[in-house]
Amino acid sequence: KIPLRFNIVSGHFDCSKNKLTSLGGSPKMVGRYFNCSNNKLTTLEGGPTSVGGNFDCSGNQLTTLDGCPNVGGNFDCSVNKLTLFRKIGGTFVHKNKKS
């Protein structure tokens with residue numbers, strides 16, 4: 001869990017490589033880029049509801065995209081255990097194995 005409380009971040013927000021198991025405490029809105037890659041997330045619940053630019057949740061343990069935000073740019077969920085997808089807009093990147 002992120003130990004601070006945010007509401008809106010107008011620029012970039014990067015919480016990657018922190019061994020997070022929850023996105024609790026994340027900003028609700030991010031204006032540009034949100035990066036939560038390479039953690040131990042099993043859900044996107046508790047994360048932002050809106051990201052104006054790119055969203056990167058690659059390298060986690062996600063099985064669904066439940067709780068994912070509205071994304072204005074690219075959405076990278078590669079290297080996860082996804083079995084269920086839904087339309088999210090933008091460019092969608094998904095690979096289950098590292099290349």
Side-chain angles (χ1 to χ4, degrees):
K1 181 176 175 181
I2 298 169
L4 302 170
R5 287 200 165 264
F6 297 91
N7 189 27
I8 297 173
V9 172
S10 61
H12 302 284
F13 189 87
D14 189 335
C15 58
S16 63
K17 300 177 185 174
N18 280 294
K19 300 179 184 176
L20 295 175
T21 58
S22 168
L23 288 177
S26 293
K28 295 303 171 202
M29 297 175 72
V30 177
R32 300 188 94 192
Y33 176 66
F34 184 88
N35 184 358
C36 61
S37 65
N38 300 302
N39 279 296
K40 296 181 179 186
L41 300 172
T42 58
T43 181
L44 296 175
E45 298 289 339
T49 57
S50 176
V51 176
N54 298 338
F55 181 81
D56 187 350
C57 61
S58 62
N60 280 289
Q61 299 170 13
L62 302 172
T63 57
T64 73
L65 295 178
D66 291 346
C68 78
N70 292 320
V71 177
N74 298 332
F75 190 108
D76 185 350
C77 62
S78 58
V79 193
N80 275 292
K81 300 175 181 181
L82 295 171
T83 58
L84 184 62
F85 299 93
R86 67 182 179 121
K87 187 175 179 180
I88 51 152
T91 300
F92 184 76
V93 178
H94 172 263
K95 290 186 244 175
N96 271 335
K97 295 182 180 180
K98 289 185 179 180
S99 303

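When a residue number appears, it is its place in the shown sequence, counting from 1. Computed from a prediction, not measured in an experiment: that's the story for all the values here.
Residues T42 and T63 form no side-chain contact, since every pair of their non-hydrogen atoms from C-beta on lies 4.5 Å or further apart. Annotation: side chain of L41 is not in contact with side chain of C57 (no heavy-atom distance under 4.5 Å). Put simply, the side chain of P27 does not reach to within 4.5 Å of the side chain of I8, judged on heavy atoms. Between F13 and P48, every side-chain heavy-atom pair lies at or beyond the 4.5 Å cut-off. Proximity of F55 to C36: side-chain heavy atoms (C-beta onward) are separated by under 4.5 Å at one or more points. The shortest side-chain heavy-atom distance between Y33 and V9 does not fall under the 4.5 Å cut-off. Taking 4.5 Å as the limit, every side-chain heavy atom of T49 sits out of range of all side-chain heavy atoms of N70.
For the pair N60 (side chain) and N39 (backbone), a donor-acceptor distance under 3.5 Å is present. A donor-acceptor pair under 3.5 Å is formed between the side chain of N18 and the backbone N or O of S16. In this structure a side-chain-to-backbone donor-acceptor pair under 3.5 Å is missing from D56 to N35. Using modelled atom types, one side-chain atom of D76 and one backbone atom of S78 make a donor-acceptor pair closer than 3.5 Å. Side chain of N54 to backbone of G73: no donor-acceptor contact under 3.5 angstrom is found.
Taking hydrophobic clusters as Ile, Leu, Val, Met, Phe, Trp and Tyr residues chained together by side-chain heavy-atom distances below 4.5 Å, L44 shares a cluster with V71.
Between atom OG of residue S22 and atom CD of residue E45 there is a gap of 10.0 Å, rounded to the nearest 0.5 Å. Note that CG of L20 and CG of N38 are 11.0 Å apart. Values are rounded to the nearest 0.5 Å. We find the CG-OG distance between N7 and S26 to be 12.0 Å, quoted to the nearest 0.5 Å. Atom OG of S37 and atom NZ of K17 lie 6.5 Å apart (nearest 0.5 Å).
In this structure, T43 and L62 approach most closely via the heavy-atom pair N-CD2, 3.4 Å. The minimum heavy-atom distance linking S58 with N80 is given by the pair CA-ND2, 3.8 Å. Taking each heavy atom of G11 and V30 in turn, the nearest pair found is O-CG1, 3.3 Å.
No more than 12 heavy atoms of other residues, nucleotides or ligands lie within 6.0 Å of NZ in K40, so this atom counts as exposed by the packing criterion.
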